[in-house]
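Just so it is clear, the model here is predicted, and its values are computed rather than measured.
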Protein chains: 2
Amino acid sequence: MEREHPAQLWPTEEEDAPGDSKPARLGRSLLSSSMVGSANRGRVLQALFDLGPTSRAELARLAGVNRTTISGIVQPLLDQQVLVEGRPIRPSEAGGKPARPLWFSPDARPICGMLLMPDAVHTCLVTLEGSISALESERFPEERPQIADVRSAIERCTTRTLASARREPLGIGVAVGGMVDTDRRAVIAVNLAPVLNDFELGDMLTKRFGLPALLDHHPRALLVGDRWFGKGRGQQTFAAVYTGEVLGGALYLGGHLYRGQSGAGGELGHTFVQVDGDLCSCGRRGCWETIATLGWLRRQARAIGIDDPDAIDSGRLVALTKAGSSGAAALLDLYARNVAVGIANLQQTVAPNFYILHGDVVGGGEFMAEAIAGHVRALVPSRSGGEISFAIGETEDRAALLGAAGLVLSELLQFPL
Amino acid sequence: MEREHPAQLWPTEEEDAPGDSKPARLGRSLLSSSMVGSANRGRVLQALFDLGPTSRAELARLAGVNRTTISGIVQPLLDQQVLVEGRPIRPSEAGGKPARPLWFSPDARPICGMLLMPDAVHTCLVTLEGSISALESERFPEERPQIADVRSAIERCTTRTLASARREPLGIGVAVGGMVDTDRRAVIAVNLAPVLNDFELGDMLTKRFGLPALLDHHPRALLVGDRWFGKGRGQQTFAAVYTGEVLGGALYLGGHLYRGQSGAGGELGHTFVQVDGDLCSCGRRGCWETIATLGWLRRQARAIGIDDPDAIDSGRLVALTKAGSSGAAALLDLYARNVAVGIANLQQTVAPNFYILHGDVVGGGEFMAEAIAGHVRALVPSRSGGEISFAIGETEDRAALLGAAGLVLSELLQFPL
DNA sequence: AATGTTTGTGCGAGCCTCAAACTAACAAGA
DNA sequence: TCTTGTTAGTTTGAGGCTCGCACAAACATT
């Protein structure tokens with residue numbers, strides 16, 4: 001792996017150091033001509049992601065700019081082997097010079113994606129085309145792991161993955177199954193793994209591997225994975241919703257990943273849907289998590305006498321329903337309704353209008369998604385311009401790692417205006 | 001009122017006509033040099049709003065740009081009398097040439113603010129400094145009003161207000177007490193005033209008065225009023241929450257007013273906080289409106305035997321509590337808690353961290369706001385970087401009209417990047 | 001009166017996009 | 001086969017904008 005300049009996709013601005021010494025910014029500061037260059041380069045690349053292989057002329061038409069502009073932006077990217085020209089496309093019957101579609105080079109620098117869970121770490125390389133390779137995993141010691149164990153496990157895993165990279169990765173993106181401070185790039189807390197509390201993983205990775213590193217929590221990573229590599233491709237506004245043992249969500253609003261202060265927001269699991277309802281693990285009452293998690297589903301399954309209730313999930317529930325179990329059908333409907341309640345609230349609050357479902361629901365397939373969609377539509381007062389649509393995310397393992405890589409991509413493509 | 005070029009604050013771009021003929025945009029299209037000019041002009045003006053009167057050198061320092069850049073931006077604005085130079089400020093003891101603070105000229109073109117309620121219309125002029133003048137009102141006929149009556153009432157009212165304008169206003173902003181389609185600039189529906197349903201007010205105003213006209217619903221107008229003229233001045237992310245006979249909210253996220261598809265979003269009143277709870281006016285059960293409106297408060301007041309329960313509101317509730325009524329104190333606490341539930345959900349979902357309270361709560365003053373704030377803080381799981389703060393908005397009449405004017409201002413200052 | 005400091009203004013350089021002209025590569029038809 | 005029409009991509013010069021530098025203006029201090 002030869003050594004390259006750290007950030008060449010969006011070249012050589014000195015990045016705002018964490019301890020930014022500049023005085024409080026005026027809004028965000030003003031634009032300069034060179035920023036226009038960076039921003040437009042990012043937008044062209046983003047358009048390529050959204051459209052798939054596209055010629056310069058087509059890009060120029062869609063953007064409403066001059067062809068020469070696109071050529072000027074694209075040429076350096078071709079030189080850097082970020083992009084390549086595909087084979088000429090037959091012109092229409094009107095004739096004309098064949099267009100050469102541009103697409104991401106397989107030889108472009110990859111991104112390292114990392115998934116940090118309570119019990120293990122997974123790493124891989126992701127190309128700009130969205131293919132995964134060099135997948136590695138490392139489990140943490142089960143008995144009272146020390147932070148040193150965790151650090152060395154992460155280091156080993158990452159080292160193995162990076163060894164497969166032919167070019168230096170653009171950065172490392174980490175999806176964390178817990179709370180994250182995106183500013184400090186640190187893990188705040190991970191349920192069931194107190195060893196990870198207050199763990200400055202971002203700094204560690206940057207120091208150890210000399211690469212930019214970004215952390216975010218799991219649902220937000222799923223969202224950006226969907227945005228660049230999945231069903232959210234090309235969407236300007238949508239939400240990702242994760243269900244399972246816990247609930248979470250993330251928002252992509254007006255072409256930007258939304259993060260609240262230091263990465264808050266999207267903590268949907270602990271919104272109230274049943275004031276003074278059942279006790280939640282957070283100590284409050286009536287959180288959405290009390291009625292829409294797998295834990296709730298298991299309790300209900302047991303109550304109505306479904307076989308092996310501890311192993312119930314959307315997949316089995318759909319199978320039982322299709323096999324004719326009326327009890328399962330009723331439970332599925334109630335579960336779908338309960339999930340839909342939280343989504344309906346999100347729809348009323350920010351109206352993303354498009355939802356990508358992740359987690360347990362994926363196992364239930366289209367059937368489950370349709371059940372939820374139906375309830376959401378019934379629970380949201382109708383409104384003009386408000387068709388609500390749903391999609392199912394990638395399978396769990398791929399989604400999270402693509403998402404982790406997507407965090408880096410978001411940072412590279414979204415020039416901060 | 002002499003005739004001027006329609007949009008001179010942000011001068012002479014041909015605006016995107018409503019029936020924009022350009023093909024589907026690439027994300028949003030690329031930046032050009034001239035857009036940099038417009039965007040930077042907008043940002044400088046925004047900074048002036050946020051900072052108050054400020055010299056060129058100071059602006060340049062805060063923005064981290066060259067002084068000449070600011071001079072270049074500001075000079076045309078001085079020529080157009082958008083800005084004026086204030087009197088020189090004494091230099092510090094270090095000496096130096098006295099700075100000349102820039103501020104909005106009282107002779108700058110004003111904005112026409114309009115508030116459309118079920119029973120009446122109110123109009124006024126708002127200067128860029130935020131002062132209100134030429135206030136006019138017109139009531140609609142009480143018995144079965146026809147749309148023609150409403151149109152002529154609005155025209156008369158607007159004409160009287162505009163007659164007082166020394167320069168042609170920059171535009172007309174309308175706050176509507178009901179549902180709005182911001183794209184079509186039309187009223188969709190107003191509770192209790194079916195005559196207003198599907199009323200294309202924006203087009204009518206533009207045709208009749210030759211001015212740009214913008215509509216938005218009431219809570220969103222309150223938010224932008226706060227942003228430019230009120231407690232939200234200079235904030236990058238915050239929320240406005242309206243309580244009273246109905247509930248509503250609006251979001252300012254990352255320096256931009258947030259609108260969902262065709263102006264949805266912020267319809268907090270019909271988020272679920274009590275699944276299968278009391279029947280709501282919308283036909284669903286357990287909406288936030290069933291536990292946090294004045295209607296709920298009146299029912300509770302009657303139930304516990306408070307004097308004149310039909311006239312209860314935050315103001316009286318606080319007064320009774322301070323006078324020592326334990327029943328009122330308990331009711332106040334419950335009311336504050338119920339309001340806090342919806343805010344806590346909003347905090348968990350988008351984490352704006354700063355809330356400006358409008359509507360009934362304003363009458364209860366700091367006491368009421370503190371009660372709500374306390375409950376919100378208790379209802380939100382604690383989290384790093386998450387101090388939640390509250391402010392009380394302007395009194396109802398001023399807030400809505402300033403907000404309506406703020407809609408126009410947002411459009412002028414936020415150059416769409 | 002001299003010195004130091006800060007504000008605001010010309011001037012040329014650099015970066016970026018745009019318009020127009022030009023070359024390259026194809027289809028269709030005489 | 002040759003001409004015409006069409007589309008893709010490149011070259012070149014013009015115009016906008018910001019930046020750095022130098023300079024005049026206006027103040028405080030000594």
Nearest listed nucleotide, side chain of [X], among [options]:
X: Ser33(A); options: dT7(C), dG16(D), dG9(D); result: dG16(D)
X: Arg100(B); options: dG8(C), dG16(D), dA8(D); result: dG8(C)
X: Asn40(A); options: dC16(C), dG8(C), dT17(C); result: dT17(C)
X: Thr68(A); options: dG9(D), dT10(D), dC16(C); result: dT10(D)
X: Arg67(A); options: dG9(D), dC18(C), dT18(D); result: dG9(D)
X: Ala57(B); options: dT7(C), dA27(C), dC16(C); result: dT7(C)
X: Asn66(B); options: dT7(C), dA27(C), dC19(D); result: dC19(D)
X: Ser71(B); options: dT9(C), dT17(C), dA25(C); result: dT9(C)

Query raised in the report: How long is the line joining CG of Leu30(A) and C1' of dC19(D), in whole Å?
Result: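 Roughly 13 Å, once rounded to whole Å.
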Query - Matching residue for Asp107(A) among Arg167(A), Gln81(A), Arg166(A) - test: side-chain hydrogen bond (donor to acceptor under 3.5 Å, both in side chains) - result: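 That would be Arg166(A).
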Requested in this report: Kindly assign one of parallel, tilted or perpendicular to the pair Tyr252(B) and Phe238(B), based on the angle between their ring planes and the thresholds 30° and 60°.
Outcome: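 Correct class here is tilted.
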Report task. Applying side chain to side chain contact (heavy atoms under 4.5 Å, CB included) between Leu59(A) and each of Thr69(A), Val65(A), Ile70(A), report the one that passes. Result ->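 Exactly one option meets the side chain to side chain contact (heavy atoms under 4.5 Å, CB included) with Leu59(A), and it is Ile70(A).
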Query raised in the report: For Gly96(A) and Thr69(A), take the nucleotide of DNA chain C holding the closest heavy atom to each; which residue's nucleotide lies nearer the 5' end?
Result: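 The 5'-side residue here is Thr69(A).
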Query raised in the report: Which atoms form the tightest heavy-atom contact between Pro101(A) and Arg87(A), and what is the distance?
Result: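 Looking at all heavy atoms of both residues, the shortest contact is CD-O, 3.4 Å.
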**Report entry** Residue-phosphate contact under 4.0 Å: Gln75(A) side-chain N/O, dG9(D) OP1/OP2
**Finding:**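 False: Gln75(A) side-chain N/O out of range (4.0 Å or more) of dG9(D) OP1/OP2.
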